[in-house]
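So you know, we letter chains A, B, ... as the sequences are listed, proteins then strands, and number each from 1.
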Amino acid sequence: MENTNTSDLFAVRSAKLQAMRQAGFDPFSQNWEQKQTSLEAKALFDDTAEEEPGVSVAGRILVFRDMGKACFIKILDRAGEIQAYVKRDEIGESAYEAFKQYDIGDIIGFEGPLFKTKTGEITVRVKTMCLLSKALRPLPEKWHGLVDNEAIYRQRYLDLICNAESRKRMFLRSQIIREIRQFLWNRDFIEVETPMLQSVAGGAAARPFTTHMNALDCDFYLRISLELYLKRLLVAGVDRVFELGRNFRNEGLSRRHNPEFTMIELYQAYSDFRGMMRLIRDLIQHLCKTVIGATQIKNYEGVTIDLGGEWREVRYKDLIIEATQDPQWFSRTKAEKLQKCAELGIEVNPDIEDFEVTKNVYEKCVEPNLIQPTFVTHIQKELCPLAKINKADNSVIDVFELCINGQEIAPAYSEQNDPFIQRTMFEAQAGEDQQAVDQDFLKALEHGMPPAGGLGMGIDRLVILLTGASNIRDTILFPSLRPE
RNA sequence: GGGUCGGUAGCUCAACGGUAGAGCAGUGGCCUUUUAAGCCAUUGGUUCAGGGUUCGAAUCCCUGCCGGCCUACCA
């Protein structure tokens with residue numbers, strides 16, 4: 001080898017690979033029968049058995065503890081880690097020479113009987129082994145792992161190899177999604193897939209991403225919500241329907257926002273927001289039971305959140321009055337409200353609408369303090385044009401927003417099914433941009449949509465809650481980053 | 001978009017105006033039950049990039065790039 005620089009790890013490892021290939025062994029053309037995961041293998045060990053059971057496992061080498069003529073290694077597979085003891089006298093001299101060319105990060109398979117070491121660790125006494133993939137780049141340091149945030153997000157594969165916490169969070173997210181589906185299937189919901197490419201991006205008021213379809217030579221939006229297509233299915237007679245998938249919003253990034261994020265929306269005909277209240281509580285408590293194994297969860301600040309039992313229910317107006325200490329808040333003029341905001345230390349753009357001033361109070365003084373699960377009900381109608389207006393008070397709508405851990409986790413409505421009111425709300429919301437009104441959706445409503453309860457929930461934020469993560473990026477494997 | 005903090009070896013971090021260093025990883029040697037294994041020796045750097053100040057810059061200043069946090073925008 002020309003390159004004698006022993007600190008160029010890529011070159012050193014490439015040279016080892018070349019030497020193997022010249023000796024007639026190519027690690028990249030091998031495979032291995034993985035008969036057990038590390039976890040299954042260790043479970044087979046029986047102290048009282050006369051014969052040590054044999055296992056055959058495979059994974060990535062994490063640790064090398066070389067003692068000359070014998071060596072302990074530790075590998076990582078999908079279930080966890082297992083230690084192996086490689087002894088020259090056990091595998092033979094030439095195999096041991098080959099083994100000495102292995103590096104941390106290589107993927108190997110090996111088989112042999114189990115035993116327990118002096119210090120009590122269940123270990124495979126290797127009889128035969130094979131290199132299945134040569135790692136040409138080194139892993140991060142074994143003790144601290146990968147710490148640099150940027151590297152964690154950009155090279156998630158390294159993070160998942162090094163950091164058990166990240167692996168655990170990934171598995172929890174997967175289980176949460178699986179259990180949500182299971183819960184809804186058990187209640188007779190069907191799962192559907194609706195368009196991500198839409199000519200009108202409706203159902204929410206976010207800025208969409210745009211893209212172009214060559215075949216039709218026209219621009220499309222990436223969906224910002226699942227709502228309008230799922231309601232078309234209510235019209236179609238699909239009484240219990242949900243979709244779990246990605247939405248895209250072309251807005252800022254933050255600890256709580258990723259431009260692409262996963263939502264579940266579900267609609268149940270002949271239900272209403274009260275029915276959704278029971279359903280979401282049952283669902284989240286189901287997740288506590290099946291995935292977390294507890295109803296008490298610590299958030300990243302160490303505050304315990306209790307998801308068990310009944311949840312608090314409180315009207316939006318009462319929360320505002322409590323926060324402003326002003327029972328007359330809703331009969332004040334906008335100027336008086338702005339004055340009060342200044343006293344409370346809330347910065348508000350004076351050009352916004354009256355109801356938006358109140359919304360600012362809610363978002364800055366109320367929502368962050370709703371740590372324990374709380375249903376906020378009877379919200380101002382301007383905030384949700386797709387919900388039914390309350391019969392007793394036509395300034396509010398029949399909805400709740402479920403807040404936990406200071407964040408909105410899931411809003412739910414008694415869905416608006418009056419096509420006239422819906423058209424009026426849409427047109428008012430669209431303002432001058434009447435293109436933004438989804439005329440086909442309104443046409444569908446005119447065919448008749450059953451009364452229904454609907455609910456949306458951000459999966460990423462739910463995972464933040466249930467795993468105690470501090471950042472949405474910890475719950476998304478490959479979060480949005482500026483390209484390198 | 002604004003504020004603020006950061007970017008030093010493959011990784012984790014020192015050095016804070018005066019010769020760029022440690023641990024891990026790597027390389028060579030010793031060691032046949034280790035647990036961040038141990039012992040001896042050793043390789044490795046455009047200090048994110050570019051400009052400036054200075055006898056001298058990783059260090060101070062400016063610009064840019066990338067990122068963290070806060071904030072703004074955000075049904």
Between [M] and [N] - [atom1] atom distance, rounded Å:
{"N": "B:rG44", "M": "B:rA9", "atom1": "P", "value": "15 Å"}
{"N": "B:rU59", "M": "B:rA20", "atom1": "C1'", "value": "11 Å"}
{"N": "B:rG23", "M": "B:rC39", "atom1": "P", "value": "10 Å"}
{"N": "B:rU47", "M": "B:rA15", "atom1": "C1'", "value": "11 Å"}
{"N": "B:rG1", "M": "B:rA14", "atom1": "C1'", "value": "36 Å"}
{"N": "B:rG38", "M": "B:rU33", "atom1": "C1'", "value": "14 Å"}
{"N": "B:rG17", "M": "B:rA58", "atom1": "C1'", "value": "11 Å"}
{"N": "B:rC66", "M": "B:rC48", "atom1": "C1'", "value": "8 Å"}

Where do A:Tyr413 and A:Glu415 land on the side-chain hydrogen bond (donor to acceptor under 3.5 Å, both in side chains) test, with the steps shown first? CA-CA 5 Å; A:Tyr413 309 160; A:Glu415 298 296 341; over 6 Å; no

[atom1]-[atom2] distance between [X] and [Y], expressed to the nearest 0.5 angstrom:
{"X": "A:Arg167", "Y": "A:Leu76", "atom1": "CZ", "atom2": "CG", "value": "4.5 Å"}
{"X": "A:Asn360", "Y": "A:Ile346", "atom1": "CG", "atom2": "CD1", "value": "7.0 Å"}
{"X": "A:His378", "Y": "A:Asp398", "atom1": "NE2", "atom2": "CG", "value": "6.0 Å"}

Mind checking [X] for me? I need base, sugar-phosphate or nothing, with any heavy atom below 4.0 Å counting as a touch.
{"X": "A:Pro385", "result": "base"}
{"X": "A:Lys381", "result": "nothing"}
{"X": "A:Asn349", "result": "nothing"}
{"X": "A:Ile397", "result": "nothing"}
{"X": "A:Ala204", "result": "base"}

Once you round it to whole Å, what is the distance between [atom2] of [N] and [atom1] of [X]?
{"X": "A:Glu251", "N": "B:rG1", "atom1": "CD", "atom2": "P", "value": "15 Å"}
{"X": "A:Asn250", "N": "B:rG1", "atom1": "CG", "atom2": "C1'", "value": "14 Å"}
{"X": "A:Gln155", "N": "B:rG10", "atom1": "CD", "atom2": "C1'", "value": "10 Å"}
{"X": "A:Arg256", "N": "B:rC69", "atom1": "CZ", "atom2": "C1'", "value": "12 Å"}
{"X": "A:Ile346", "N": "B:rA72", "atom1": "CD1", "atom2": "P", "value": "11 Å"}
{"X": "A:Leu481", "N": "B:rC66", "atom1": "CG", "atom2": "C1'", "value": "10 Å"}
{"X": "A:Arg482", "N": "B:rG1", "atom1": "CZ", "atom2": "C1'", "value": "12 Å"}
{"X": "A:Asn258", "N": "B:rC74", "atom1": "CG", "atom2": "C1'", "value": "15 Å"}

Determine: side-chain N/O of [X] to OP1/OP2 of [N], distance under 4.0 Å, yes or no.
{"X": "A:Arg255", "N": "B:rC70", "value": "yes"}
{"X": "A:Arg154", "N": "B:rG67", "value": "yes"}
{"X": "A:Asn471", "N": "B:rC69", "value": "yes"}

Side chains of A:Glu81 and A:Ser38: do they bring a donor and an acceptor to under 3.5 Å?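 Their side chains do not contain a donor-acceptor pair, so the 3.5 Å distance test is not met.
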
Taking the six-membered ring of [Y] as reference, does the NZ or CZ atom of [X] fall below 6.0 Å from its centre and within a 45° cone about the axis?
{"X": "A:Arg156", "Y": "A:Phe478", "value": "no"}
{"X": "A:Arg423", "Y": "A:Phe426", "value": "no"}
{"X": "A:Lys231", "Y": "A:Tyr267", "value": "no"}

Go ahead and name the base partner of [N]; Watson-Crick or wobble counts if both distances stay under 3.5 Å, otherwise write none.
{"N": "B:rG38", "result": "B:rC30"}
{"N": "B:rG45", "result": "none"}
{"N": "B:rC60", "result": "B:rG52"}
{"N": "B:rG23", "result": "B:rC11"}
{"N": "B:rC69", "result": "B:rG3"}

Using the ring of each side chain (for Trp, its six-membered ring), is A:Phe375 parallel, tilted or perpendicular to A:Phe400, with breaks at 30° and 60°? perpendicular

In terms of the angle between their ring planes, are A:Phe99 and A:Tyr96 parallel, tilted or perpendicular, with boundaries placed at 30° and 60°? tilted

List, with names and distances, any nitrogen or oxygen atoms from the protein found under 3.5 Å away from nitrogen or oxygen atoms belonging to nucleotides 46-49 of chain B.
none

Going by heavy atoms in the side chains, are A:Leu114 and A:Thr123 under 4.5 Å from each other? no

Could you check whether any side-chain N or O of A:Glu353 sits under 3.5 Å from a backbone N or O of A:Glu356, counting only pairs where one atom can act as donor and the other as acceptor? no

Using a 4.0 Å cut-off on protein heavy atoms (strictly under), produce a 5'-to-3' string for nucleotides 23-35 of chain B with B for base contact, S for backbone-only sugar-phosphate contact, and - for none. BBSBS---BBBBB

With nearest nucleotide decided by heavy atoms, which residue, A:Leu253 or A:Phe426, maps closer to the 5′ end of RNA chain B?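 Whichever sits nearer the 5' end wins; that is A:Leu253.
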
